[in-house]
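Below is one structure, written out as C-alpha coordinates; comments come after it.
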2 protein chains.
Amino acid sequence: MLSKFYRTAEDMIRHHGGRVTPGRIGILAALLAEQQAITHREIEQRLPQSLPLDRVTLYRTLEWLVENGLIHKITSDDRVWRYNANLEPQSHQHAHFKCTGCAQVICLDSLPIEQNWPLPSGYRFQEIELTVKGLCANCC
Amino acid sequence: MLSKFYRTAEDMIRHHGGRVTPGRIGILAALLAEQQAITHREIEQRLPQSLPLDRVTLYRTLEWLVENGLIHKITSDDRVWRYNANLEPQSHQHAHFKCTGCAQVICLDSLPIEQNWPLPSGYRFQEIELTVKGLCANCC
DNA sequence: ATATAAATGCAACTATGTTGCACTCATTGT
DNA sequence: ACAATGAGTGCAACATAGTTGCATTTATAT
(Lines give C-alpha, C1' and ligand atoms only; values in the text may rest on other atoms or scores of the structure.)
Protein backbone atom coordinates (compact mmCIF):
# COMPACT_ATOMS: atom_id res chain seq x y z
CA MET A 1 0.00 0.00 0.00
CA LEU A 2 2.52 2.54 1.14
CA SER A 3 5.32 0.95 -0.85
CA LYS A 4 4.82 3.20 -3.84
CA PHE A 5 5.28 6.20 -1.60
CA TYR A 6 8.44 4.65 -0.22
CA ARG A 7 9.80 4.22 -3.71
CA THR A 8 8.84 7.75 -4.70
CA ALA A 9 10.39 9.12 -1.54
CA GLU A 10 13.60 7.23 -2.10
CA ASP A 11 13.75 8.43 -5.69
CA MET A 12 13.16 12.03 -4.67
CA ILE A 13 15.93 11.95 -2.07
CA ARG A 14 18.44 10.08 -4.23
CA HIS A 15 17.66 12.17 -7.27
CA HIS A 16 18.23 15.22 -5.18
CA GLY A 17 21.67 14.05 -4.17
CA GLY A 18 21.04 13.58 -0.49
CA ARG A 19 22.10 10.64 1.62
CA VAL A 20 19.39 8.00 1.50
CA THR A 21 18.48 6.81 4.98
CA PRO A 22 15.49 4.87 6.35
CA GLY A 23 14.46 7.89 8.40
CA ARG A 24 14.31 10.27 5.47
CA ILE A 25 12.49 7.77 3.30
CA GLY A 26 9.95 6.92 5.97
CA ILE A 27 9.21 10.53 6.83
CA LEU A 28 8.91 11.71 3.25
CA ALA A 29 6.77 8.69 2.35
CA ALA A 30 4.45 9.46 5.27
CA LEU A 31 4.06 13.01 3.98
CA LEU A 32 3.55 11.86 0.40
CA ALA A 33 0.78 9.52 1.54
CA GLU A 34 -1.07 12.36 3.18
CA GLN A 35 -3.70 14.58 1.57
CA GLN A 36 -3.18 17.25 4.17
CA ALA A 37 -0.42 18.99 6.06
CA ILE A 38 0.39 17.22 9.30
CA THR A 39 2.31 18.04 12.45
CA HIS A 40 5.51 16.62 13.89
CA ARG A 41 3.33 14.65 16.30
CA GLU A 42 1.17 13.21 13.58
CA ILE A 43 4.16 12.19 11.51
CA GLU A 44 5.58 10.39 14.53
CA GLN A 45 2.34 8.45 14.90
CA ARG A 46 2.24 7.47 11.26
CA LEU A 47 5.75 6.07 11.14
CA PRO A 48 5.84 2.25 11.19
CA GLN A 49 6.94 0.60 14.42
CA SER A 50 9.74 -0.97 12.44
CA LEU A 51 11.19 2.52 12.15
CA PRO A 52 11.74 3.92 15.62
CA LEU A 53 12.90 7.48 15.25
CA ASP A 54 14.05 9.97 17.82
CA ARG A 55 12.07 13.19 18.21
CA VAL A 56 15.15 15.24 17.51
CA THR A 57 16.03 13.27 14.40
CA LEU A 58 12.52 13.84 13.15
CA TYR A 59 12.88 17.58 13.69
CA ARG A 60 16.25 17.64 11.95
CA THR A 61 15.12 15.50 9.06
CA LEU A 62 12.10 17.72 8.50
CA GLU A 63 14.40 20.71 8.52
CA TRP A 64 16.60 19.05 5.92
CA LEU A 65 13.65 18.16 3.72
CA VAL A 66 12.40 21.76 3.90
CA GLU A 67 15.81 23.23 3.11
CA ASN A 68 16.09 20.97 0.12
CA GLY A 69 12.68 21.82 -1.24
CA LEU A 70 11.13 18.36 -0.94
CA ILE A 71 8.52 19.49 1.58
CA HIS A 72 7.33 22.81 2.94
CA LYS A 73 6.16 23.85 6.36
CA ILE A 74 3.17 25.91 7.28
CA THR A 75 2.61 28.37 10.10
CA SER A 76 -0.57 28.09 12.07
CA ASP A 77 -2.28 29.94 14.89
CA ASP A 78 -1.82 27.00 17.27
CA ARG A 79 1.96 27.50 17.31
CA VAL A 80 2.57 24.17 15.62
CA TRP A 81 4.32 23.64 12.31
CA ARG A 82 2.61 21.47 9.76
CA TYR A 83 4.43 19.80 6.90
CA ASN A 84 3.38 18.88 3.41
CA ALA A 85 5.21 17.20 0.56
CA ASN A 86 6.06 19.33 -2.45
CA LEU A 87 4.63 17.39 -5.36
CA GLU A 88 6.05 19.90 -7.79
CA PRO A 89 9.22 21.74 -6.90
CA GLN A 90 8.89 25.47 -6.24
CA SER A 91 5.18 25.10 -5.72
CA HIS A 92 5.27 26.87 -2.40
CA GLN A 93 3.42 29.96 -3.55
CA HIS A 94 -0.05 28.93 -2.57
CA ALA A 95 -2.58 29.60 0.16
CA HIS A 96 -3.61 27.24 2.93
CA PHE A 97 -6.93 26.37 4.45
CA LYS A 98 -7.34 25.59 8.12
CA CYS A 99 -10.48 24.09 9.59
CA THR A 100 -11.40 25.83 12.84
CA GLY A 101 -13.22 22.68 13.90
CA CYS A 102 -10.73 19.84 13.51
CA ALA A 103 -7.56 21.85 12.85
CA GLN A 104 -7.04 20.08 9.52
CA VAL A 105 -4.80 22.00 7.15
CA ILE A 106 -4.79 21.60 3.38
CA CYS A 107 -3.12 23.42 0.52
CA LEU A 108 -5.14 25.60 -1.83
CA ASP A 109 -3.46 25.56 -5.18
CA SER A 110 -5.31 28.29 -6.95
CA LEU A 111 -3.88 31.44 -5.50
CA PRO A 112 -4.52 34.68 -7.31
CA ILE A 113 -1.73 36.43 -5.46
CA GLU A 114 -0.83 39.84 -6.57
CA GLN A 115 2.66 40.88 -5.62
CA ASN A 116 1.95 44.58 -5.50
CA TRP A 117 0.92 45.25 -1.98
CA PRO A 118 0.51 48.78 -0.77
CA LEU A 119 3.40 48.76 1.70
CA PRO A 120 4.66 51.87 3.50
CA SER A 121 7.33 53.69 1.52
CA GLY A 122 10.79 52.24 1.93
CA TYR A 123 9.45 48.75 2.60
CA ARG A 124 10.39 45.86 0.33
CA PHE A 125 8.07 42.97 -0.54
CA GLN A 126 9.37 39.42 -0.26
CA GLU A 127 6.56 36.94 0.03
CA ILE A 128 3.02 36.46 1.11
CA GLU A 129 1.49 34.08 3.60
CA LEU A 130 -2.20 33.46 3.37
CA THR A 131 -4.45 31.22 5.41
CA VAL A 132 -8.16 30.91 4.87
CA LYS A 133 -10.05 29.72 7.92
CA GLY A 134 -13.39 28.02 7.98
CA LEU A 135 -15.03 24.64 8.34
CA CYS A 136 -14.11 21.57 6.31
CA ALA A 137 -16.72 19.26 4.81
CA ASN A 138 -16.67 16.98 7.85
CA CYS A 139 -17.09 19.77 10.37
CA CYS A 140 -19.81 21.70 8.54
CA MET B 1 3.98 61.68 27.77
CA LEU B 2 2.22 58.40 28.23
CA SER B 3 -0.47 59.92 30.41
CA LYS B 4 -2.82 60.52 27.50
CA PHE B 5 -2.62 56.85 26.63
CA TYR B 6 -3.39 55.98 30.23
CA ARG B 7 -6.46 58.15 30.13
CA THR B 8 -7.56 56.72 26.80
CA ALA B 9 -6.98 53.19 28.06
CA GLU B 10 -8.96 53.84 31.21
CA ASP B 11 -11.79 55.33 29.21
CA MET B 12 -11.87 52.40 26.81
CA ILE B 13 -12.04 49.85 29.64
CA ARG B 14 -14.56 51.77 31.72
CA HIS B 15 -16.71 52.60 28.73
CA HIS B 16 -16.67 48.94 27.84
CA GLY B 17 -18.02 47.99 31.24
CA GLY B 18 -14.99 46.09 32.48
CA ARG B 19 -13.39 46.36 35.88
CA VAL B 20 -10.80 49.11 35.81
CA THR B 21 -7.52 47.89 37.28
CA PRO B 22 -3.97 49.27 37.09
CA GLY B 23 -2.87 46.19 35.17
CA ARG B 24 -5.44 46.56 32.43
CA ILE B 25 -4.83 50.26 32.11
CA GLY B 26 -1.07 49.89 31.97
CA ILE B 27 -1.14 47.09 29.42
CA LEU B 28 -3.66 48.74 27.15
CA ALA B 29 -1.82 52.07 27.40
CA ALA B 30 1.43 50.36 26.44
CA LEU B 31 -0.27 48.91 23.37
CA LEU B 32 -1.92 52.22 22.47
CA ALA B 33 1.47 53.95 22.63
CA GLU B 34 2.92 51.51 20.14
CA GLN B 35 2.95 51.89 16.36
CA GLN B 36 3.46 48.18 15.89
CA ALA B 37 2.25 44.88 17.25
CA ILE B 38 4.38 43.68 20.15
CA THR B 39 4.87 40.45 22.04
CA HIS B 40 4.07 39.44 25.58
CA ARG B 41 7.77 39.89 26.36
CA GLU B 42 7.94 43.35 24.87
CA ILE B 43 4.84 44.47 26.75
CA GLU B 44 6.43 43.25 29.98
CA GLN B 45 9.50 45.34 29.26
CA ARG B 46 7.48 48.45 28.52
CA LEU B 47 5.45 48.37 31.70
CA PRO B 48 6.64 50.89 34.29
CA GLN B 49 8.52 49.55 37.30
CA SER B 50 5.80 51.06 39.43
CA LEU B 51 3.51 48.40 37.99
CA PRO B 52 4.99 44.98 38.69
CA LEU B 53 2.83 42.45 36.96
CA ASP B 54 2.94 38.68 37.00
CA ARG B 55 3.52 36.87 33.70
CA VAL B 56 0.30 34.96 34.13
CA THR B 57 -1.71 38.07 34.89
CA LEU B 58 -0.32 39.62 31.74
CA TYR B 59 -1.41 36.60 29.70
CA ARG B 60 -4.86 36.64 31.23
CA THR B 61 -5.30 40.36 30.84
CA LEU B 62 -4.32 40.18 27.19
CA GLU B 63 -6.82 37.39 26.73
CA TRP B 64 -9.50 39.54 28.32
CA LEU B 65 -8.64 42.53 26.16
CA VAL B 66 -8.82 40.36 23.05
CA GLU B 67 -12.14 38.81 24.01
CA ASN B 68 -13.58 42.23 24.60
CA GLY B 69 -12.40 43.61 21.31
CA LEU B 70 -10.05 46.27 22.68
CA ILE B 71 -6.96 44.68 21.14
CA HIS B 72 -6.31 41.88 18.67
CA LYS B 73 -3.59 39.29 18.48
CA ILE B 74 -1.58 38.22 15.48
CA THR B 75 -0.13 34.88 14.51
CA SER B 76 3.43 34.77 13.34
CA ASP B 77 5.88 32.22 12.04
CA ASP B 78 8.04 32.50 15.16
CA ARG B 79 5.28 30.93 17.27
CA VAL B 80 4.82 34.09 19.28
CA TRP B 81 1.63 36.10 19.59
CA ARG B 82 1.83 39.80 18.98
CA TYR B 83 -0.76 42.26 20.21
CA ASN B 84 -2.04 45.51 18.85
CA ALA B 85 -4.64 47.96 20.14
CA ASN B 86 -7.87 48.22 18.17
CA LEU B 87 -8.19 51.91 17.45
CA GLU B 88 -11.56 51.36 15.86
CA PRO B 89 -13.69 48.47 17.01
CA GLN B 90 -14.23 45.62 14.56
CA SER B 91 -11.23 46.72 12.56
CA HIS B 92 -9.68 43.28 12.67
CA GLN B 93 -10.14 42.51 8.99
CA HIS B 94 -6.78 43.68 7.76
CA ALA B 95 -3.45 42.23 6.67
CA HIS B 96 -0.21 42.34 8.58
CA PHE B 97 3.34 42.98 7.53
CA LYS B 98 6.27 41.22 9.13
CA CYS B 99 9.86 42.27 8.58
CA THR B 100 12.08 39.25 8.02
CA GLY B 101 15.02 41.27 9.30
CA CYS B 102 13.96 42.66 12.67
CA ALA B 103 10.70 40.73 13.17
CA GLN B 104 8.74 43.96 13.47
CA VAL B 105 5.03 43.51 12.81
CA ILE B 106 2.68 46.27 11.70
CA CYS B 107 -0.92 46.39 10.54
CA LEU B 108 -1.76 47.13 6.93
CA ASP B 109 -5.07 48.89 6.87
CA SER B 110 -5.73 48.98 3.18
CA LEU B 111 -6.69 45.42 2.53
CA PRO B 112 -8.80 44.59 -0.48
CA ILE B 113 -9.78 41.20 0.89
CA GLU B 114 -12.20 39.29 -1.20
CA GLN B 115 -14.30 36.82 0.69
CA ASN B 116 -14.93 34.47 -2.20
CA TRP B 117 -12.19 31.92 -2.08
CA PRO B 118 -12.32 28.83 -4.25
CA LEU B 119 -12.65 26.30 -1.45
CA PRO B 120 -13.33 22.60 -2.01
CA SER B 121 -17.03 21.81 -2.18
CA GLY B 122 -18.66 21.42 1.21
CA TYR B 123 -16.20 23.78 2.88
CA ARG B 124 -17.39 26.95 4.57
CA PHE B 125 -15.47 30.22 4.61
CA GLN B 126 -15.03 32.04 7.92
CA GLU B 127 -12.12 34.42 7.82
CA ILE B 128 -8.85 35.14 6.18
CA GLU B 129 -5.41 35.62 7.65
CA LEU B 130 -2.84 37.37 5.56
CA THR B 131 0.75 38.27 6.31
CA VAL B 132 3.02 40.01 3.86
CA LYS B 133 6.69 39.41 4.54
CA GLY B 134 9.56 41.59 3.50
CA LEU B 135 11.98 44.19 4.79
CA CYS B 136 11.00 47.32 6.68
CA ALA B 137 12.53 50.70 5.94
CA ASN B 138 15.20 50.25 8.60
CA CYS B 139 16.27 46.82 7.40
CA CYS B 140 16.30 47.58 3.68
C1' DA C 1 -18.13 50.15 55.66
C1' DT C 2 -19.01 45.54 53.96
C1' DA C 3 -19.91 41.71 50.89
C1' DT C 4 -18.87 39.69 46.65
C1' DA C 5 -17.11 38.39 42.53
C1' DA C 6 -13.50 39.49 39.64
C1' DA C 7 -8.58 40.04 39.19
C1' DT C 8 -3.99 38.85 40.70
C1' DG C 9 0.23 36.21 42.32
C1' DC C 10 2.59 32.05 42.94
C1' DA C 11 3.96 27.41 41.96
C1' DA C 12 3.85 23.83 39.11
C1' DC C 13 3.00 22.07 34.68
C1' DT C 14 2.61 21.23 29.38
C1' DA C 15 4.07 21.36 24.77
C1' DT C 16 7.00 22.50 21.01
C1' DG C 17 11.20 22.96 19.59
C1' DT C 18 16.70 23.38 20.17
C1' DT C 19 21.70 22.34 21.38
C1' DG C 20 25.89 19.60 22.42
C1' DC C 21 28.16 15.55 22.10
C1' DA C 22 29.10 10.77 21.46
C1' DC C 23 28.03 7.03 18.42
C1' DT C 24 26.38 4.74 14.03
C1' DC C 25 26.08 3.88 9.34
C1' DA C 26 25.55 5.27 4.14
C1' DT C 27 28.65 6.39 0.81
C1' DT C 28 33.12 6.73 -1.60
C1' DG C 29 37.62 5.23 -3.05
C1' DT C 30 40.63 1.59 -3.18
C1' DA D 1 34.54 -6.73 -0.76
C1' DC D 2 36.67 -3.53 2.89
C1' DA D 3 38.14 0.47 5.33
C1' DA D 4 37.90 5.52 5.97
C1' DT D 5 35.06 9.38 6.52
C1' DG D 6 31.70 12.56 7.44
C1' DA D 7 26.75 12.92 7.36
C1' DG D 8 22.98 11.28 10.12
C1' DT D 9 21.18 9.66 14.53
C1' DG D 10 20.13 9.04 19.64
C1' DC D 11 20.27 10.69 24.19
C1' DA D 12 20.23 14.06 27.76
C1' DA D 13 19.62 18.46 28.93
C1' DC D 14 17.90 22.91 27.94
C1' DA D 15 14.93 26.98 26.22
C1' DT D 16 10.74 29.37 25.52
C1' DA D 17 5.76 30.34 25.25
C1' DG D 18 1.91 29.58 27.21
C1' DT D 19 -1.57 27.16 30.76
C1' DT D 20 -3.88 25.48 35.15
C1' DG D 21 -5.19 25.33 40.07
C1' DC D 22 -5.70 27.59 44.09
C1' DA D 23 -5.11 30.95 47.69
C1' DT D 24 -5.07 35.97 48.28
C1' DT D 25 -6.18 40.68 47.08
C1' DT D 26 -9.04 44.39 45.37
C1' DA D 27 -12.56 47.10 42.45
C1' DT D 28 -17.19 47.69 42.64
C1' DA D 29 -22.09 47.53 44.20
C1' DT D 30 -24.90 47.63 48.16
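Letters A, B, ... mirror the listed sequences (proteins, then strands); counts begin at 1.
- We find that CG of Leu65(B) is positioned 13 Å from C1' of dA7(C), with the value rounded to whole Å.
- For dT16(D), neither phosphate oxygen OP1 nor OP2 lies less than 4.0 angstrom from any side-chain nitrogen or oxygen of Arg41(B).
- Separating the CG atom of Leu51(B) from the P atom of dT25(D) is a distance of 18 Å, rounded to the nearest angstrom.
- In this structure, Arg60(A) reaches the bases: a heavy-atom distance under 4.0 Å links it to at least one base atom across the strands shown.
- The residue among Asp78(B) and Val56(B) whose nearest nucleotide of DNA chain D lies closer to the 5′ end is Asp78(B).
- Taking the centre of each ring, His72(B) and Tyr83(B) stay at or above the 6.0 Å mark.
- Note: CG (Asp77(B)) to P (dA17(D)) measures 14 Å, nearest angstrom.
- In this structure, Arg14(B) places its CZ atom 14 Å from P of dA7(C), rounding to the nearest Å.
- With DNA chain D read from its 5' end, the first of the two nearest nucleotides for Val20(B) and Glu63(B) is the one closest to Glu63(B).
- In this structure, CG of Leu62(B) is placed 9 Å from P of dG18(D), rounded to the nearest angstrom.
- Comment: Glu44(A) does not engage Arg55(A) in a salt bridge, judged by the lack of any side-chain N to carboxylate O separation of less than 4.0 angstrom.
- Rounded to an integer number of Å, the gap from OH of Tyr59(A) to P of dA15(D) is 17 Å.
- The side chain of Thr21(B) places an N or O atom within less than 4.0 Å of a non-bridging phosphate oxygen (OP1 or OP2) of dT8(C).
- Backbone-only engagement by Thr61(A) is indicated by non-hydrogen atom pairs under 4.0 Å involving sugar-phosphate atoms exclusively.
- Donor-acceptor pairing under 3.5 Å, judged by distance alone, is absent between the side chain of Arg55(A) and the base of dG10(D).
- Salt-bridge check for Arg46(A) with Glu34(A): passed, with a basic side-chain N closer than 4.0 Å to an acidic carboxylate O.
- Looking at heavy atoms from C-beta onward, His94(A) lies out of side-chain contact with Leu108(A) at the 4.5 angstrom threshold.
- The side chain of Thr57(B) contributes no N or O atom lying less than 4.0 Å from OP1 or OP2 of dA7(C).
- In this structure, the CZ atom of Arg24(A) is 9 Å from the P atom of dT27(C), given to the nearest Å.
- Here the nucleotide nearest the side chain of His40(B), chosen from dC10(C), dG17(C), dG18(D), is dG18(D).
- Annotation: of the two residues near DNA chain C, Arg79(B) and Asp54(B), the 5′-most nearest-nucleotide partner is Asp54(B).
- The side chain of Pro22(A) lies closest to dA26(C), out of dA26(C), dT27(C), dA17(D).
- For a distance-only test at 3.5 Å, the side chain of Arg19(A) qualifies as a donor-acceptor partner of the base of dA7(D).
- Asp78(B) pairs in a salt bridge (Lys or Arg N to Asp or Glu O under 4.0 Å) with only one of the listed residues (Arg41(B), Lys98(B), Lys133(B)), which is Lys98(B).
- One interatomic measurement links the two molecules: CD1 of Ile27(A) to P of dG10(D), which rounds to 9 Å at whole-angstrom precision.
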